Amino acid sequence: MNTQATIDYGPLTGLIGSWHGDKGVDVAPESDGIEHNPYYETITFEAAGDVTNAEQQQLAVLFYRQQVSRQSNKQVFHDECGYWMWDAETKVVMHSLTIPRAVTLIAGGHYHGPDNSDNVVLSVTARRDDPDWQITQSPFMRDNARTDEFHHQIILNGDSINYNETTILNIYGKRFEHTDQNTLKRAKTS
Ligand code: HEM
């Protein structure tokens, strides 16, 4: 991995740094219905350099860690890490993530912007049965709390991030739209 300062992270560049938001809204499944969880969180994106695959594909890479806490009891209830990757040649954006429920995925998509309002929009999707961008999970999760789809959009605007995530689950015998959204501000560096 090359970690030189000259690497072009393309549309991911503006993400680098630490972000904090306390207006998160989580909609999650419960055996007898739906749970709504207001949350706060920190996400840190670090420049991780670039890699070359099969001597031809070059990816610029950010590593991230997301830690999410319930407003009600201040406990971390979602902990996620992974990479965002940018292929400058094909303009494909990739997002890999792992959560400690034994679920992992690699989502792919594109970006557009900056538009007239300076928004850069990153959109990625993975599906369990997609030939390209897939979800992998343990046998227990597959049989009891299956993740079928994942859709994630980030709107980046200077020192503000707004994201929407929809994770389609099959749990308690039915389809459930598990959603998360938040607005984060860039943490000041001293
Ligand atoms: C901000 C992001 C997220 C938050 C705050 C969150 C929170 C939650 C909560 C509260 C539950 C209900 C179970 C519990 O109370 O522990 C849940 C269930 C679940 N989440 Fe998430 N989640 C997030 C993102 C994701 C993502 C990205 C995935 C997978 C791609 C995922 C997969 C699942 C699965 C498979 C379950 C079912 C497990 C169960 O309820 O037994 N979640 N999540």
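Quantities reported herein were computed from a predicted structural model and do not represent experimental measurements. Note that ligands are numbered from 1 as they come in the structure, with each ligand's atoms numbered from 1 the same way.
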(request) Say whether Glu80 and Tyr64, considering side chains only, have a donor N or O and an acceptor N or O under 3.5 Å apart. (result) yes
(request) For atom 7 (C) of ligand 1, find the nearest protein heavy atom and state the residue, atom name and distance (0.1 Å precision). (result) Asp26 OD1, 3.5 Å
(message) Please work out, at 4.0 Å between heavy atoms, whether the side chain, the backbone, both, or neither of Ile171 comes within that distance of ligand 1.
(response) side chain
(request) Using a 4.0 Å heavy-atom threshold (strictly under), name the region of Phe176 that reaches ligand 1: side chain, backbone, both or neither. (result) neither
(request) For the residue pair Lys23 and Tyr39, establish whether any side-chain heavy-atom pair is separated by less than 4.5 Å. (result) no
(message) I need the atoms of ligand 1 closer than 4.0 Å to a non-hydrogen atom of Arg70, numbered in the order shown.
(response) 10 (C), 15 (O)
(request) For ligand 1, indicate whether the residue Asn37 contacts it via side chain, backbone, both or neither (heavy-atom separation under 4.0 Å). (result) side chain
(message) Distance alone, cut at 3.5 Å: any donor-acceptor contact between the side chains of Asp87 and Thr90?
(response) yes
(request) Starting from atom 21 (Fe) of ligand 1, look over the N/O/S atoms of His178 and name the nearest one. (result) NE2
(request) Could you tell me the residue and atom name of the protein heavy atom closest to atom 24 (C) of ligand 1, and the distance to it rounded to 0.1 Å? (result) His78 CE1, 3.1 Å
(request) State the CG-CH2 distance between Asp159 and Trp19, to the nearest 0.5 angstrom. (result) 6.0 Å
(request) Answer side chain, backbone, both or neither: which part of Glu30 comes under 4.0 Å from ligand 1, heavy atoms only. (result) neither
(message) Within this structure, what is the CZ-CZ distance for the pair Phe140 and Arg101, rounded to the nearest 0.5 Å?
(response) 11.0 Å
(message) Counting non-hydrogen protein atoms only, what is the nearest one to atom 9 (C) of ligand 1? Give residue, atom name and distance.
(response) Ala28 CB, 3.4 Å
(request) Check each atom of ligand 1 against the heavy atoms of Glu165 and keep those under 4.0 Å away; list them by number with element. (result) 2 (C), 24 (C), 27 (C)
(message) With rounding to the nearest 0.5 angstrom, report the OH to NE2 distance, Tyr40 to His20.
(response) 7.5 Å
(request) Could you tell me which non-hydrogen atom of Thr167 sits nearest to which non-hydrogen atom of Phe150, and how far apart they are? (result) OG1-CD1, 3.7 Å
(request) May I ask you to identify, for Ile135, whether its side chain, its backbone, both or neither come under 4.0 Å of ligand 1 on a heavy-atom basis? (result) neither
(message) Can you name the atoms of ligand 1, numbered from 1 with element, that are less than 4.0 Å from a heavy atom of Glu80?
(response) 27 (C)
(request) Establish, from distance only, whether the side-chain atoms of Thr136 and Thr104 form a donor-acceptor pair under 3.5 Å. (result) no
(message) For the CG atom of Asp129 and the CG atom of Asp148, what is their distance to the nearest 0.5 Å?
(response) 7.5 Å
(message) Between Glu41 and Asn182, do the side chains contain a donor N or O and an acceptor N or O under 3.5 Å apart?
(response) yes
(message) Quick check on contacts: which atoms of ligand 1 are under 4.0 angstrom from a heavy atom of Thr147?
(response) 35 (C)
(message) For atom 3 (C) of ligand 1, which of the options Asp148, Thr98, Asp180 provides the nearest non-hydrogen atom?
(response) Asp180
(message) Among all the protein's non-hydrogen atoms, which is closest to atom 30 (C) of ligand 1, and how far away is it?
(response) Leu105 CD2, 3.6 Å
(request) Tell me, please: is His152 in heavy-atom contact with ligand 1, that is, under 4.0 Å? (result) no
(request) May I ask you to decide if the ring planes of His152 and Tyr163 are parallel, tilted or perpendicular, using 30° and 60° as cut-offs? (result) perpendicular
(message) So is Glu35 touching ligand 1 or not, going by heavy atoms under 4.0 Å?
(response) yes
(message) Rounded to the nearest 0.5 Å, what separates atom CG in Leu62 from atom NE2 in His95?
(response) 10.5 Å
(request) Indicate, as side chain, backbone, both or neither, the part of Gln67 found under 4.0 angstrom from ligand 1 when only non-hydrogen atoms are considered. (result) neither
(request) To the nearest 0.5 angstrom, please state how far the OG1 atom of Thr125 sits from the NE2 atom of His151. (result) 5.0 Å
(message) Can you name the atoms of ligand 1, numbered from 1 with element, that are less than 4.0 Å from a heavy atom of Tyr163?
(response) 1 (C)
(request) Measure the distance from atom 28 (C) of ligand 1 to every protein heavy atom, then report the residue, atom name and distance (to 0.1 Å) of the closest one. (result) Ile99 CD1, 3.6 Å
(request) Go through ligand 1 atom by atom and flag the ones less than 4.0 Å from a non-hydrogen atom of Met141. (result) 35 (C)
(request) May I ask you to check whether Trp86 and Tyr111 place their ring centers less than 6.0 Å from one another? (result) yes
(message) For atom 18 (C) of ligand 1, what is the closest protein heavy atom, and at what distance to 0.1 Å?
(response) Arg101 NH2, 3.5 Å
(message) Residue-level breakdown please: for Glu41 versus ligand 1, do any non-hydrogen atoms fall below 4.0 Å on the side chain, on the backbone, on both, or on neither?
(response) neither
